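Since the structure comes first, as structure tokens, the remarks are kept for the end.
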Amino acid sequence: MRLLLVAWGSRGDVVPLVNLGRGLAAAGHRVTVAAASDLVHLADEAGLESRPFPIVLGGGGDDPVVARWLAGANGQREEIRLMRAAMDHFAPILAEGLAAAVDDADAVVSGVISTAGLAGWSRRAGRPLVAATMFPQLPTASADATLYPVRPGWSRANRMAGRLQLAFTHTLFGRPAAAVQRRLGLPLTGRRGYLDAIRTTPTLIGVSPLLVPPPSDWPAHVRVTGAWRTELPTGFEPDGRLVEFLSAGPPRSISASGPCPASTPPGFARW
């Protein structure tokens, strides 16, 4: 099967999908990774095929919008403003790149930015679409499996907060989704279509189930797979600072212990 992996984002977004691609290639699939032009070498070095988007996202480019986006912001409002500007800037580049690549694929593995835009293509072409993320998106009552728990343990308030956050993501990622739909000749589905695509697309979450224990109110098509890691080379020695950190006291469990601070910025990685 010919698989297209859409690894839009900076290096931290591309590496996990390249690692996922390694596993898919080992299973006998022909894997192509679409990534920014300065990051497609990661796919090449992994023995995978690559398709470059004509943009530099790994840093070091001369695009002022990308530079401001990668630099981050000091506050929540500024972060949202930068994200919206970046999405407007990225949308046509993403749309053109996908239009040139999807017809050659038997199935697509998509990051969060392109999932909603490609959902209509998947239905029209009769080809599978799978979302691959490194964080939980779907609302849940479980405080341990949501980005913004407002109550410890199991609470409907957590699910409501998750729904509000998911709706908010449309104000950012709905823009590139609409650009992809226009470029592929698909009907514009708006916020409802965006939310339906996120909720119904089969989803892989590439983190440990110890960090994101799958809650019972998630649909069966959402799977927490464990991290997609690069195998360590023979004789690997960790950085001394990491050894010091791991040796500093007994291990502690990670769980949601209560409401998040009001100042917490939106939980969006720089894709």
Side-chain angles (χ1 to χ4, degrees), residues 8-9 13 69 72-88 90-91 94 110-120 129 131-181 188-207 209 211-224 254-271:
W8 183 272
D13 304 295
W69 172 61
N74 294 323
Q76 182 171 325
R77 289 186 178 181
E78 178 66 9
E79 177 75 9
I80 293 172
R81 188 189 70 79
L82 288 176
M83 284 288 290
R84 284 179 175 155
M87 292 304 107
D88 285 342
F90 297 157
L94 176 66
S110 168
V112 62
I113 287 182
S114 51
T115 297
L118 289 173
L129 173 68
T133 74
M134 272 65 76
F135 63 93
Q137 293 185 82
L138 290 185
T140 173
S142 171
D144 291 329
T146 183
L147 289 175
Y148 291 102
V150 295
R151 295 285 187 275
W154 191 269
S155 171
R156 286 182 293 179
N158 294 328
R159 186 183 296 114
M160 180 59 68
R163 288 173 178 167
L164 291 174
Q165 184 198 348
L166 187 59
F168 174 76
T169 64
H170 175 259
T171 67
L172 298 172
F173 303 144
R175 300 169 188 237
V180 172
Q181 289 166 346
L188 300 181
T189 57
R191 186 177 71 173
R192 176 170 293 184
Y194 173 90
L195 296 176
D196 285 346
I198 299 301
R199 292 175 182 137
T200 61
T201 299
T203 300
L204 306 177
I205 304 176
V207 300
L211 295 176
V212 181
S216 60
D217 58 351
W218 272 356
H221 62 253
V222 178
R223 301 291 180 89
V224 180
I254 300 175
S255 63
S257 57
C260 290
S263 59
T264 303
F268 308 126
R270 288 183 168 75
W271 316 110

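Here the structure is a predicted model, which means the values were calculated and not measured. No hydrogens, no waters, no symmetry mates; every other heavy atom, side chains included, goes into these values.
Expressed to the nearest 0.5 Å, how far CZ of Arg84 lies from CD of Glu79 amounts to 12.0 Å. The structure places CG of Leu94 at 7.5 Å from CG of Leu118, a figure rounded to the nearest 0.5 Å. Taking OG1 of Thr140 as the reference point, atom CZ of Arg156 lies at 14.0 Å (rounded to 0.5 Å).
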In a table with atom names and distances, give each donor-acceptor pair under 3.5 Å that connects a side chain of residues 194-202 to protein atoms at least two apart or in another chain.
| unit_1 | atom_1 | unit_2 | atom_2 | d |
| --- | --- | --- | --- | --- |
| Tyr194 | OH | Thr169 | OG1 | 3.0 |
| Thr200 | OG1 | Asp196 | O | 2.6 |
| Thr201 | OG1 | Ala197 | O | 2.6 |

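Side-chain atoms of Trp218 come within 3.5 Å of backbone atoms of Leu138 as a donor-acceptor pair (strictly under, hydrogens ignored).
The side-chain hydrogen bond (donor to acceptor under 3.5 Å, both in side chains) search around Arg223 returns none, not counting sequence neighbours. Annotation: side chain to side chain contact (heavy atoms under 4.5 Å, CB included) contacts of Ala141 (sequence neighbours excluded): Trp154, Arg159, Asp217. Considering only residues two or more places apart in sequence or on other chains, Gln181 meets the side-chain hydrogen bond (donor to acceptor under 3.5 Å, both in side chains) condition with Thr189. When the side chain to side chain contact (heavy atoms under 4.5 Å, CB included) test is applied to Pro213, the partners found at least two apart in sequence or on another chain are Asp144. With sequence neighbours excluded, no residue satisfies salt bridge (Lys or Arg N to Asp or Glu O under 4.0 Å) with Arg191.
Counting all heavy atoms, side chain and backbone alike, Pro139 lies closest to Leu166 at CD-CD2, 4.0 Å. What you find for Gly206 and Met134 is that their closest heavy atoms are O-CG, 4.2 Å. Here the closest heavy-atom approach between residue Met83 and residue Leu172 is recorded as CB-CD2, 3.9 Å. Across all non-hydrogen atoms, the minimal contact from Pro215 to Ala145 is CD-CB, 3.7 Å.
Contact annotation: the side chain of Pro214 approaches that of Pro209 to within less than 4.5 Å [non-hydrogen atoms, C-beta and beyond]. Using a 4.5 Å heavy-atom cutoff, the side chains of Met160 and Val150 are not in contact.
For the residue pair Thr115 / Ser110, a side-chain donor-acceptor distance below 3.5 Å is found, with atom types taken as modelled.
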